[in-house]
Amino acid sequence: MKKKVIAYNRVEKPVLEDLQQKYDVHYFKNIDTKRDPEFLKQLQTAEGIIGLDLTVDEELLNHAPQLKIVSNNSVGYNNLDIEQLNRRSIMATNTPGILTDTVADTIFGLLIATARRIPELDAYVKSGNWTESLGSDYFGSDVHHKTLGIIGLGRIGDAIAKRAHFGFDMDILYHTRSKKPHAEETYGAKYRSMDQLLMESDFVCLMTPLTPETERHIGKREFQLMKASAIFINGSRGKTIVEQDLIAALQNGEIAAAGLDVFEQEPTDPDNPLLKMKNVVTLPHIGSSTNETELKMSRHAADNLEAGLNGNKPPSLINPEVWK
Ligand code: GLV
């Protein structure tokens with residue numbers, strides 16, 4: 001009998017089709033995972049889960065007594081309760097490395113789009129308003145030669161620093177738990193305390209994973225420390241900031257603008273005040289989503305899944321403590 005696998009939300013079609021050849025795959029998209037009767041029924045006998053953004057907590061695991069592996073099709077894994085998975089000796093995997101340059105491109109694009117007001121001006125031109133030469137009301141601010149502060153200099157933060165240093169002659173400041181000699185030597189990056197970074201940066205780029213330590217760690221006080229001309233970019237998770245405080249900081253002119261790939265709640269509420277602000281550029285959490293990278297991520301997630309189902313060690317195991 002084929003092993004049962006639950007696929008959730010994002011698994012690229014060719015990869016899903018390959019999995020369907022080998023396993024009894026049940027695909028679900030955007031369902032209420034706490035209540036959907038078919039999903040809860042299939043969970044009872046599922047040995048593997050693959051996909052994006054499925055909340056795997058104690059409640060879900062209580063419905064999944066046969067589960068061996070949860071293969072996240074993302075690098076972030078804040079949707080997984082690792083402690084609960086460890087308790088039940090269930091493997092958890094992610095897709096690091098593959099998406100690094102793609103996300104760094106997106107974040108840099110967001111940064112430039114925000115600084116140079118590209119979406120706002122695009123809408124202006126397309127709506128037929130461009131009838132005369134424009135003045136400073138429409139000008140943006142420079143990116144090159146400015147100071148970029150990166151909070152969380154992991155793989156993706158490093159790739160952003162590389163672009164900023166070699167492409168845009170920017171000064172790089174960073175704040176992380178441990179110092180990064182590679183970035184210091186290669187991009188001239190300088191370590192700063194969080195407060196110092198916030199005070200000195202023209203662009204503050206948040207790239208930390210969401211953990212209990214980083215949850216809501218940028219709020220009112222942190223926005224007030226930033227320059228009034230600062231542009232804030234969030235490429236991590238919406239819950240790493242206090243979104244209400246970002247709204248207030250923008251409304252009060254405490255910072256100049258924001259570029260956001262992530263929101264406290266996703267998809268965000270259409271009434272979110274951030275969506276009404278001209279100085280906010282938004283993306284629908286799409287940092288890693290190019291056709292090429294998503295396909296590679298799905299393949300890697302499938303490799304992780306298959307290894308786990310077949311009793312082998314998955315290449316990107318998050319919780320090696322369950323591997324015996
Ligand atoms: C995207 O946000 C990811 O975690 O892969």
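Ligands are counted one by one from 1 in listed order, and the atoms in each one are counted from 1 as well. When a residue number appears, it is its place in the shown sequence, counting from 1.
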Any heavy-atom pair between the side chains of Ile255 and Lys227 that's under 4.5 Å? no

On the 0 to 90° scale, with breaks at 30° and 60°, tag the Phe232-Phe223 ring pair as parallel, tilted or perpendicular. perpendicular

So if I count the atoms of ligand 1 from 1 in the order they appear, which ones are less than 4.0 Å from some heavy atom of [X]?
X      : value
Leu99  : 5 (O)
Gly76  : 3 (C), 4 (O), 5 (O)
His285 : 1 (C), 2 (O)
Arg237 : 1 (C), 2 (O), 3 (C), 4 (O)

Quick check: Val75 and ligand 1, any N/O pair under 3.5 Å apart? yes

Closer than 3.5 angstrom, by distance alone: can the side chain of Thr95 be matched with the main-chain N or O of Ser74 as a donor-acceptor pair? yes

For Tyr191, does the six-membered ring have the charged nitrogen or CZ of Lys179 within the cation-pi criterion, i.e. under 6.0 angstrom from the centroid and within 45° of the normal? yes

Centres of the Phe39 and Phe28 rings: under 6.0 Å? yes

